[in-house]
Amino acid sequence: MKVLVPVKRVIDYNVKVRVKPDQTGVDLANVKMSMNPFDEIATEEAVRLKEKGVATEVVVVSIGPQQAQETIRTALAMGADRGILIVTDQDAEPLAVAKLLKAVIAEESPNLVVMGKQAIDGDNNAVGQMLAALLDWPQATFASKLEVTADKATVTREIDGGLQTLDVSLPAVITADLRLNEPRYASLPNIMKAKKKEIAMKTAADYGVDVSPKLKVLKVTEPPKRSAGIKVADAAELVGKLKSEGVL
Amino acid sequence: MSLILSRRDLDFLVFEWLDAAALTSRERYQDHSAETFHQVLDTCEAIATDHFAPHNKLNDQNEPQFVNGGAVTIPEVKRALAVYSEAALIAPGQLYEYGGMQLPALLEKACAVWFRAANIATSAYPFLTAANLNVIAAYGEDWQKERFIPPMTEGRFFGTMCLSEPQAGSSLSDVRTRAVKQDDGIYRLYGTKMWISGGDQDISENIIHLVLARSPDGIPGVKGLSLYIVPKFLVNEDGTLGERNDVVLAGLNHKMGYRGTTNTLLNFGEGGHRPGGEAGAVGYLIGQENNGLACMFHMMNEARIGVGSGAVALGYTGYLHAVDYAKSRQQGRPNGAKDPTTPQVALTRHTDIRRMLLAAKSYVEGGMALALYCARLVDEERTAQTPEARVEAHLLLDMLTPIAKSWPSQWCLEANSLAIQVHGGYGYTRDYNVEQFYRDNRLNPIHEGTHGIQGIDILGRKVVMQGGAGLNLFNATLEKTVARAKASGDETLAGYAGELHAALDRLNAVTATLHAINDQERTLANASVYLEAFGHITVAWIWLEQALAALGKAGDFYDGKRQAARYFFRWELPKVYPQLDLLETLDDTTLEMQEAWF
């Protein structure tokens, strides 16, 4: 069974994000970039499927600048087998990403796609769902547990009310939530092995996908600063306020 | 921003200044690339952040306990070291055949400092293990290498170095532990070892002690010392654990800092266990008899540079904590601003706070650069193109070792003191982290050769070794940097170069004066002062090197480098002149002081 894992290079989760002075976006100059944490979880899950003997090959694919090779290399050091980088300097929108992934899937024919539920830069939470729709495959999002057999996946999902377990037939798209696993660290021997693994370099044009933006960013601003609280005279006033705010 | 270390600074030093990428053209390192180096550093930062830093305080507050004859540690230590071992970080610089990954020493050092800074106590166990297995790799017989090295690189066995005894600390010639050869060629050891870090613990399956001992009828003094492998549990030929050896934990020392590392008094051969039915700790000779000192110094030189980089790491994390606090803590108003209705300003707005942070920055970044430079010399020593270049790298490293050990132990400790000062009263409480860094770092001027011993080493031994060849090489190395700075076209750097050269000339003149008298006691009377002056001149050179590497580069990071270099040349380098003046007079105030007058 072949598993495809899309991974994205994003601003590191430890970095304090700053908006560019002209409000056109986020300042990425001299900022540490890393693999999207949910994609790390997806990669870990795919590697575990391989270690269990369920998967035979794990292919990672990234869409981004040349430096996204480093992100792929990290996934290879975690145990993925080979990578595909679709080079684009354009920050591809979710639909374009989903179309590119669909084109990759047409070539690679994986039985399963495991990917992060969202990237922590845009927080769109859209690509997995769009990809499943474009492929007309079943989807199981926000997975916190995954069991895969030859023709189906049993997925425990995190939903508002608790957990939901469902079966999806393969091929399918699964998106990983935070509690699915704890990703491993790239060990030194695996980093060395990853160096010898293949990364195929592609462009969006190779797949005939137009990645030009369909959405227009008007402006990007910092979230409003927290305003000071107010003092209430007694418990009755507090309850009244909570009721009028609709909390109670 | 990490408060453990600055990755930006490490990247600058490792890649921009010391050109790590160039090492991948050497045969030993050819499987590596700049990309693998960056990935290894990513892994180290992640593991240090996730598994070492979180229990640093816990370790300090819950020091190991003596329970039923053994030392018990908190479980977080074992978990962290399991992750560390799984990532193959115990001996990443060793040869493939010994389970290493042939990582350059430069990168190995850049990895190590993450763990030293995040949790000095937990990281002590694998660092002692690495020092131990490096000795066995260098001097051990084949069977010793096969039996003991793989379990150490896998993190199943940990190592120690057992040199000191209750009556023999700095004075190794007074070591009394006896090693008696039996008919089968195996030795039995009898004696007591003191200050043994990691001497007992409940983390690893087995502990491999390297023990300095002497033959009962051998030569007195250091020339009669030999080095022995003494496992806590004997190891069978198939690698399984055998009988418990006659090594017994007699007590734990209760320290000011470094509390998470067990520090022990060990009894050898008192019959607490009876391997093979009799008392005596079973030991295997490493190398030749009476050659223990040479083997030990292999370990000791590495350990001394390691102590220096540990001191840098602790100073560095303290500095980052202080910067973080000073940027966020609002307190007071600028000098001259009296209106109490205006908002308070951040601590960094106060010049005296900036003075302290700048001093600390110049110490910790200077110390880090020195530590990494020494590691780069190890790579030259191993892999330089010509035998002459390898010999030269070895000589310069030998020369710099007492400085690499002592300078950070003194000045990065000072950075920890400044970090407390920047925090004010909060820094003096245990609610903040900086007091622990200070206590942890206070060990470093003491162990692996005290400050005083380093002074005697540099003045009594290093500057005169091989007819002054080491000192000549030191001079030539600094003069090359001076020449580059003068030719750089940058007036500021050319000015620093002139100041460095003048200080170096003065150092050489004073060195000659000190050695011109035929009275070793008087020559060495003020060796610690000499050590300090030598260290400050060395680090001024290191700052000039950094300023050259930053030349023509723009941005806050490089401006910060330039300002710290300026600070070092304006404020620190001039400190050597009163020291050198004092030394030149062959002052005997301390020498003539009598015990009865205290």
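The analysis underlying the following values was restricted to heavy atoms, covering all of them including side chains, and did not include hydrogens, waters or symmetry mates. Source: prediction; values computed, not measured. By convention in this document, chain letters (A, B, ...) are assigned in the order of the sequence lines, proteins followed by strands, and residues within each chain are numbered from 1.
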Worksheet entry | Check: K195(A) side chain, T36(B) main-chain N or O, donor-acceptor pair, under 3.5 Å | no
Response to the item:
Honestly, the part of K16(A) sitting under 4.5 Å from a heavy atom of chain B is neither
Worksheet entry | Residue K327(B) excluded, over 12 heavy atoms near NZ under 6.0 Å | no
Discussion item. Please check if the number of heavy atoms outside D22(A) that lie under 6.0 Å from its CG is greater than 12.
Written reply: yes
Practice prompt. Show your working on side chain to side chain donor-acceptor pair (under 3.5 Å) between Y185(A) and D50(B) and close with a plain yes or no.
Written response: CA-CA 11 Å; Y185(A) 299 96; D50(B) 298 344; 2.7 Å; yes
Worksheet item: Taking atom CD of E222(A) as the centre, does the number of heavy atoms from other residues, nucleotides or ligands within less than 6.0 Å exceed 12?
Response: yes
Discussion item. With a 6.0 Å cut-off (strictly less than), is the heavy-atom count around CG of D556(B), excluding the residue itself, greater than 12?
Written reply: no
Worksheet item: Taking it one step at a time, do H38(B) and E70(A) satisfy side chain to side chain contact (heavy atoms under 4.5 Å, CB included)?
Response: CA-CA 9 Å; H38(B) 283 289; E70(A) 293 162 19; over 6 Å; no
Worksheet entry | NZ (K553(B)) with more than 12 external heavy atoms under 6.0 Å | yes
Worksheet item: If you take all heavy atoms of P92(B) and L188(A), which pair is closest and at what distance?
Response: CB-CD2, 3.3 Å
Worksheet item: How about M192(A) and M101(B): do any of their side-chain heavy atoms sit closer than 4.5 Å?
Response: yes
Worksheet item: Heavy-atom count around K197(A) NZ within 6.0 Å, excluding the residue itself: above 12?
Response: yes
Fill in: Flag, side chain of T43(B) to backbone of A186(A), donor-acceptor distance under 3.5 Å
yes
Worksheet item: For E51(A), does the CD atom sit with more than 12 other heavy atoms under 6.0 Å from it, leaving out its own atoms?
Response: yes
Worksheet entry | Side chain / backbone / both / neither for Y84(B) at chain A, heavy atoms under 4.5 Å | neither
Worksheet entry | Distance, nearest 0.5 Å, that separates CG of L89(B) from OG of S187(A) | 8.5 Å
Worksheet item: Hey, is CZ on R18(A) packed in by over 12 heavy atoms from elsewhere, all under 6.0 Å?
Response: no
Fill in: Residue pair R73(A) / E35(B): nearest heavy atoms and the distance that separates them
CG-OE2, 3.5 Å
Discussion item. Let's test your reading of the structure: which of H51(B), E86(B), R8(B) forms the most heavy-atom pairs below 4.5 Å with chain A?
Written reply: H51(B)
